[in-house]
Amino acid sequence: MRFIDIEDYNPLTMQLAMPIYDRMRRVLLTAGRTIHPNYLERIKAIGVSTLVVEDAESTGITLEEMLDMPTWMDTIAVVQQAFEDASNKKRLNIVALQRAVVTLIREVSAHKTIILVPTTSLSEGLERYAHSVNVALLSLQISKHLGYTQGQLRDLALGALLHDIGKAVTDQEEEHPIKGFDIMKDNREISLLSAHIAYQHHECVNGQGYPRKLKGQAFLELPQVVGIANVYDHLLSNKKIPPHEALEYIMTKSDGDFSYKVVQAFVNSVPSYIPGTKVELYTGEQVIVIGIKKHLQRPVIRYVKNGEEMDLAENPSVMIKDVVKE
């Protein structure tokens, strides 16, 4: 199982490993099928640009660190309803949101790390809500290295799910944190800390963020966690930057956009190379990442040429040079 760009799909050698959904969250194609070339064009037309496939190269790769699709889709539905309620000036369904938060906390705690499903694997109409779910998942993963209480985790997850809720009522980028804060503080069941996550997630510790140009400790830690998760998911899904490059980019933001403490928690939380990624070693040999066991940044690999497997955590002299372009 591995992620591929839809342009790299080969119906002769690949079959779907996860379903494809339309904007109404209905299954268009089930797992285990091949995609006819004519139908492939229809899938591209609805905005899907990433597929999860099985092929000979990815045999045995499970992506077990990824949230299961039914749970992901159910949470996307909860966030979508919250956006629609905010747009219609209705009170948010806090019970449904709190249930989603409990589920995400449980799921993240059960995994060593979390591999995000690209929002580009969904129809365009769902990308905004899938992004919010991904940000919540990654924020909870980062929090494992920050020692938060259960109450803080709930505030963090809820704030992350709703960090962009202001976009339900405004198209102005620099206004949406303010609008989001207003929507959340008007719902009394939502803590003020969760509301400040929406308010501050575009601030920077150097004072160059928005909407209030907060600086230093005025930029609270939980919004920083969500801010990093927000940037990372945008890099992966919108700009299609490989995870190792996205990680390196965020490392350059230490003590600039985000505090050193939060950046280090992020670095210790996400893998550089996700299972299914084909990479080249400095020896010139091509391998595929098949799992993450002992070290997030030193995965288990399989040589394409002979199928031999190696745990890079136990072989420090073997180094990855770059990702192989299909």
Side-chain angles (χ1 to χ4, degrees), residues 1-11 14-55 63 66-87 100 114-138 160-173 176 229-243 245-246 274 276-277 323 325-326:
M1 181 184 299
R2 63 186 178 119
F3 296 119
I4 64 163
D5 189 280
I6 196 168
E7 299 296 341
D8 297 324
Y9 178 74
N10 185 340
M14 300 175 181
Q15 63 181 20
L16 285 175
M18 290 191 343
I20 294 176
Y21 297 84
D22 66 11
R23 64 181 301 163
M24 301 302 292
R25 302 185 305 279
R26 297 172 299 202
V27 176
L28 290 177
L29 289 175
T30 58
R33 290 190 53 175
T34 56
I35 309 174
H36 188 277
N38 291 340
Y39 213 87
L40 194 66
E41 294 306 314
R42 292 177 59 186
I43 293 169
K44 292 178 185 178
I46 65 172
V48 174
S49 60
T50 302
L51 302 175
V52 185
V53 301
E54 295 269 12
D55 60 3
L63 293 178
M66 187 172 65
L67 186 69
D68 68 273
M69 285 299 290
T71 301
W72 194 55
M73 295 302 296
D74 287 346
T75 313
I76 288 170
V78 172
V79 175
Q80 182 175 10
Q81 186 60 56
F83 271 68
E84 291 173 0
D85 289 342
S87 178
I114 285 291
I115 292 174
L116 302 179
V117 184
T119 64
T120 48
S121 66
L122 296 175
S123 171
E124 286 179 351
L126 296 178
E127 285 182 330
R128 170 186 288 181
Y129 318 116
H131 165 68
S132 293
V133 179
N134 280 356
V135 168
L137 287 167
L138 184 54
L161 284 177
L162 299 178
H163 75 280
D164 274 342
I165 192 72
K167 291 184 177 181
V169 296
T170 181
D171 294 327
Q172 300 300 312
E173 175 63 26
H176 84 269
N230 178 57
V231 171
Y232 182 77
D233 189 58
H234 275 307
L235 291 173
L236 263 58
S237 291
N238 294 4
K239 297 188 177 182
K240 295 195 173 182
I241 292 177
E245 292 184 12
I274 65 174
T277 304
V323 172
K325 302 294 190 296
E326 296 288 345

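Across Glu124, Lys240, Glu7, a single residue satisfies side chain to side chain donor-acceptor pair (under 3.5 Å) together with Ser49, and that is Lys240.
At least one donor-acceptor pair under 3.5 Å links the side chain of Thr75 to the backbone N or O of Thr71. Formation of a donor-acceptor pair under 3.5 Å by the Asp22 side chain with backbone atoms of Ser123 is not found in this model. A donor-acceptor pair under 3.5 Å links the side-chain atoms of Glu54 to the main chain of Met1, judged by distance alone. Judged purely by atom type and a 3.5 angstrom limit, Tyr39 has no side-chain atom pairing as donor or acceptor with the backbone of Leu29. In terms of modelled atom types and a separation under 3.5 Å, the side chain of His176 and the main chain of Glu173 share a donor-acceptor contact. Checked by atom type and distance alone, the side chain of Ser237 pairs as donor or acceptor with a backbone atom of Thr119 at under 3.5 Å.
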Does the side-chain contact (heavy atoms from CB on, under 4.5 Å) test come out yes or no for Tyr21 and Leu28, once each step is laid out?
-> CA-CA 5 Å; Tyr21 297 84; Leu28 290 177; over 6 Å; no
Please report the C-alpha distance between Asp55 and Arg2 in whole Å, then the side-chain angles of each, then the deciding distance to 0.1 Å, and finally whether the side-chain contact (heavy atoms from CB on, under 4.5 Å) criterion is met.
-> CA-CA 8 Å; Asp55 60 3; Arg2 63 186 178 119; 2.7 Å; yes
Trace of the side-chain contact (heavy atoms from CB on, under 4.5 Å) decision for Tyr9 with Ile43 | CA-CA 12 Å; Tyr9 178 74; Ile43 293 169; over 6 Å; no
From CA spacing to verdict: side-chain contact (heavy atoms from CB on, under 4.5 Å), Ile20, Leu51 | CA-CA 8 Å; Ile20 294 176; Leu51 302 175; 3.7 Å; yes
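One finds the CG atom of Asp68 at 10.0 Å from the CE atom of Met18 (value rounded to the nearest 0.5 Å). Here Asp164 contributes atom CG and Asn230 contributes atom CG; the two are 6.0 Å apart, rounded to the nearest 0.5 Å. Separating the NZ atom in Lys239 from the CD atom in Glu245 is a distance of 12.0 Å, to the nearest 0.5 Å. Atom OG1 of Thr120 sits about 8.0 Å away from atom CG of Asp5, to the nearest 0.5 Å. In this structure, the separation between CG on Leu161 and OH on Tyr129 is 14.0 Å, given to the nearest 0.5 Å. Between the CD1 atom of Ile35 and the CD atom of Glu41 there is a distance of 11.0 Å, given to the nearest 0.5 Å.
Between Ala168 and Ala86 the shortest heavy-atom distance is CB-CB, 4.0 Å. Pro242 approaches Val323 most closely through the heavy-atom pair CB-CG2, 4.5 Å. Counting all heavy atoms, side chain and backbone alike, Trp72 lies closest to Val133 at CD1-CG1, 3.6 Å. Contact detail for Val117 and Asn134: the closest heavy-atom pair is O-ND2, 2.9 Å. Taking each heavy atom of Met14 and Thr34 in turn, the nearest pair found is O-CG2, 3.5 Å. Nearest heavy atoms, Pro118 versus Thr50: CG-CG2, 3.9 Å.
Inter-residue side-chain proximity for Lys44 and Ile6 is flagged as met; some heavy-atom pair is nearer than 4.5 Å. Under the 4.5 Å side-chain criterion, counting only non-hydrogen atoms from C-beta, Arg42 is not in contact with Asn38. A heavy-atom distance below 4.5 Å is not found between the side chains of Pro11 and His36. Contact of the Leu67 side chain with the Leu137 side chain is registered, since non-hydrogen atoms from C-beta on lie closer than 4.5 Å. A 4.5 Å side-chain heavy-atom check between Met24 and Leu126 finds every atom pair outside the cut-off. Taking 4.5 Å as the limit, some side-chain heavy atom of Leu122 sits within range of a side-chain heavy atom of Met73.
Taking Asp85 as the reference, nothing meets the salt bridge (charged side-chain N to carboxylate O under 4.0 Å, His left out) condition, with sequence neighbours excluded.
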